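Values reported hereafter were calculated over all heavy atoms of this structure, with side chains retained and with hydrogens, waters and symmetry mates removed. None of these values were measured; they are calculated from a predicted model.
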There are 2 protein chains.
Amino acid sequence: MEKLKKQLVKAGYKMTAPRIAVLEELSVSRHPISVRNLHKKIKAVNRASVYRTLNLLEESHLVNVEVIGKEKLYCLANVPHHHIICKQCGYMEEIKCNHNFGYFKNFSNIHHQLTLTGVCNKCAK
Amino acid sequence: MEKLKKQLVKAGYKMTAPRIAVLEELSVSRHPISVRNLHKKIKAVNRASVYRTLNLLEESHLVNVEVIGKEKLYCLANVPHHHIICKQCGYMEEIKCNHNFGYFKNFSNIHHQLTLTGVCNKCAK
DNA sequence: AACACAATTGCGAATTGTTCGCAAGTGTTA
DNA sequence: TAACACTTGCGAACAATTCGCAATTGTGTT
Ligand SMILES: [Mn+2]
Ligand SMILES: [Mn+2]
Ligand SMILES: [Zn+2]
Ligand SMILES: [Zn+2]
């Protein structure tokens with residue numbers, strides 16, 4: 001959390017209440033979360049500011065975005081990981097990321113985003 | 001293309017003109033494409049129907065969706081592959097998919113979606 | 001070939017998601 | 001404490017996506 005704040009500052013952004021609120025909520029709700037739900041949790045922050053903050057966090061690679069069904073979800077990227085999600089019930093597990101697309105000819109500064117979907121054992125009966 | 005149609009039918013859907021138009025346009029424009037651009041190419045098809053078709057194609061796993069920056073892009077999934085995209089200029093390369101998340105404890109029927117982003121050599125100067 | 005019926009479409013309106021413009025407020029640095 | 005640029009909140013604007021429903025069409029059956 002403190003580390004996150006420092007990264008923001010280092011990226012050249014001011015440390016404001018709305019930004020702290022977003023970061024803290026992201027870090028509390030450990031699961032990927034939609035803008036709508038995130039904003040529900042921090043109503044003090046204006047919706048536009050939630051969008052603005054998420055956008056700059058994404059550009060700074062402090063959060064990742066993924067699309068699950070019709071939802072766009074945001075998740076802190078401090079610890080590199082991915083998710084596998086049950087399409088039926090939404091049950092989700094984290095997957096440690098040990099990928100290395102490090103050197104890809106023709107590209108530098110590579111980031112990646114991976115999402116797995118499936119049916120959990122419970123739902124599969 | 002013919003194979004795609006067959007898959008749709010096998011999935012229990014009727015083979016209609018709008019659906020064929022969408023499939024053909026996806027197959028012609030080999031790159032991931034946004035709803036807006038796809039619709040531009042097949043204006044004969046109503047926009048709502050484009051959405052409806054893409055949604056059912058996605059549920060049938062005939063197309064994949066990925067988010068690049070602020071764009072939601074659709075791409076045929078007939079040949080398993082991913083993309084690496086330059087954030088500066090949009091240049092993109094296809095990556096053959098040889099991943100196998102096949103057996104993941106607790107989940108079955110697993111699908112995955114991977115996107116790489118970076119800066120292409122040209123843009124990196 | 002005509003029929004029957006459920007599935008699908010087009011249309012416009014409704015809903016939801018996201019961005020904008022600008023005046024007022026705030027963090028940082030000196 | 002005084003700048004001053006960066007941010008915020010607010011509403012309106014704009015864009016994306018879905019909905020409801022009457023009209024149309026694909027497909028399997030006579
Ligand atoms: Mn990874
Ligand atoms: Mn793959
Ligand atoms: Zn489940
Ligand atoms: Zn480039």
Side-chain angles (χ1 to χ4, degrees), chain A residues 1-2 4-26 29 32-60 62-75 87, chain B residues 1-2 4-26 29 32-60 62-75 87:
Chain A
M1 192 56 216
E2 291 312 312
L4 281 173
K5 292 185 191 173
K6 276 177 192 160
Q7 292 188 64
L8 245 204
V9 171
K10 193 162 61 180
Y13 295 108
K14 288 186 181 171
M15 191 48 51
T16 67
R19 286 170 182 170
I20 293 174
V22 168
L23 278 179
E24 285 197 321
E25 187 50 43
L26 283 175
S29 83
I33 187 172
S34 64
V35 176
R36 163 177 291 272
N37 284 334
L38 177 55
H39 182 224
K40 253 184 216 158
K41 302 279 196 128
I42 51 175
K43 290 230 197 59
V45 179
N46 184 272
R47 191 154 28 100
S49 296
V50 173
Y51 278 104
R52 285 187 284 233
T53 300
L54 288 175
N55 284 344
L56 76 81
L57 289 178
E58 189 193 348
E59 276 158 28
S60 314
L62 295 181
V63 302
N64 284 325
V65 196
E66 59 194 326
V67 174
I68 304 294
K70 327 226 130 177
E71 291 217 290
K72 209 169 164 183
L73 303 179
Y74 292 80
C75 190
K87 283 217 165 166
Chain B
M1 192 56 215
E2 290 313 312
L4 281 173
K5 293 185 190 173
K6 275 177 191 161
Q7 291 187 65
L8 245 205
V9 172
K10 193 162 62 180
Y13 295 108
K14 287 186 181 172
M15 190 48 52
T16 67
R19 287 171 181 169
I20 292 173
V22 168
L23 278 179
E24 285 196 324
E25 188 49 44
L26 283 175
S29 84
I33 189 172
S34 65
V35 176
R36 163 176 292 271
N37 284 334
L38 177 55
H39 182 224
K40 252 184 215 156
K41 303 280 195 125
I42 51 174
K43 290 231 197 59
V45 178
N46 185 271
R47 190 153 27 99
S49 295
V50 173
Y51 278 104
R52 286 186 283 232
T53 300
L54 288 174
N55 285 343
L56 75 81
L57 288 179
E58 190 193 348
E59 276 159 28
S60 314
L62 295 182
V63 302
N64 284 326
V65 196
E66 59 194 327
V67 174
I68 304 294
K70 327 226 130 178
E71 292 218 290
K72 208 169 166 183
L73 304 178
Y74 291 81
C75 190
K87 282 216 166 166

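In this structure, B:Lys40 places its NZ atom 13 Å from C1' of D:dA15, rounding to the nearest Å. For the pair B:Leu56 CG and D:dT17 P, the computed distance is 16 Å after rounding to whole Å. The interatomic distance linking B:Asn37 (CG) with D:dA15 (P) rounds to 14 Å, in whole Å. Between the CD1 atom of A:Ile20 and the P atom of D:dT8 there is a distance of 11 Å, rounded to whole Å. Put simply, NZ on B:Lys43 is 19 Å from C1' on C:dT9, counting in whole angstrom units. Whole-Å rounding puts the B:His39 NE2 to D:dT17 C1' distance at 13 Å.
Judged by distance alone, with hydrogens and angles left aside, the side-chain atoms of B:His39 form no donor-acceptor pair with the main-chain N or O of B:Ala48 at under 3.5 Å.
Here the nucleotide nearest the side chain of B:Arg36, chosen from C:dT18, D:dA16, D:dT17, is D:dA16.
Taking the side chain as every heavy atom from C-beta outward, A:Ile68 and A:Lys87 never approach each other to under 4.5 Å. In this structure, B:Val50 and B:Val35 have side chains that are in contact, with non-hydrogen atoms separated by less than 4.5 Å.
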Open item on the list: Generate the contact string for nucleotides 24-30 of chain D. Rules: B means base contact, S means sugar-phosphate contact only, - means no protein heavy atom under 4.0 Å.
Closed with: --BS---
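Interatomic distance, CD of A:Glu24 versus CD1 of A:Ile42, reported as 10.0 Å (0.5 Å rounding). A:Leu62 CG to A:Thr53 OG1: the interatomic distance, rounded to the nearest 0.5 Å, is 11.5 Å. Rounding to the nearest 0.5 Å gives a distance of 7.0 Å between CG of B:Leu57 and CG of B:Leu26.
For the helix from C:dA1-D:dT30 to C:dA30-D:dT1, the end axes, each set by the C1' atoms of five terminal pairs, are bent relative to each other by 50° (nearest 10°).
Of the side-chain N and O atoms in B:Lys70, none sit less than 4.0 angstrom from OP1 or OP2 of D:dA15. For D:dT18, the OP1/OP2 oxygens have no side-chain nitrogen or oxygen of B:Tyr51 closer than 4.0 Å.
Within the structure, side chain to side chain donor-acceptor pair (under 3.5 Å) contacts touching residues 43-52 of chain A (residues at least two apart or in different chains) are A:Ser49-A:Arg52.
Closest non-hydrogen pair, B:Val63 versus B:Leu54, comes out as CG2-O, 4.2 Å. Pairing each heavy atom of A:Glu58 with each of B:Gly69, the nearest pair is OE2-O, 4.4 Å.
Remark: B:Thr16 engages no residue in a side chain to side chain donor-acceptor pair (under 3.5 Å) (not counting sequence neighbours). Applying the side chain to side chain contact (heavy atoms under 4.5 Å, CB included) rule to A:Lys72 yields the partners A:Val65, A:Val67, A:Tyr74, B:Val67; only residues at least two apart in sequence or on another chain are considered. Checked against side chain to side chain donor-acceptor pair (under 3.5 Å), B:Arg19 has no partners two or more places apart in sequence or in another chain. Take A:Ser34 and apply the side chain to side chain donor-acceptor pair (under 3.5 Å) test, not counting sequence neighbours, and it matches A:Asn37.
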Identify every side-chain donor-acceptor pair in residues 4-15 of chain B under 3.5 Å, counting partners at least two apart or on other chains, and give the distances.
none

Protein N or O to nucleotides 9-12 of chain D N or O, pairs below 3.5 Å:
{"residue": "D:dG9", "atom": "OP2", "partner": "A:Asn46", "partner atom": "N", "Å": "3.3"}
{"residue": "D:dG9", "atom": "OP2", "partner": "A:Ser49", "partner atom": "OG", "Å": "2.8"}
{"residue": "D:dG9", "atom": "N7", "partner": "A:Arg52", "partner atom": "NH2", "Å": "2.6"}
{"residue": "D:dG9", "atom": "O6", "partner": "A:Arg52", "partner atom": "NH1", "Å": "3.4"}

Below 3.5 Å between N/O atoms, which protein atoms pair up with nucleotides 2-4 of chain C? Just atom names and distances, please.
none

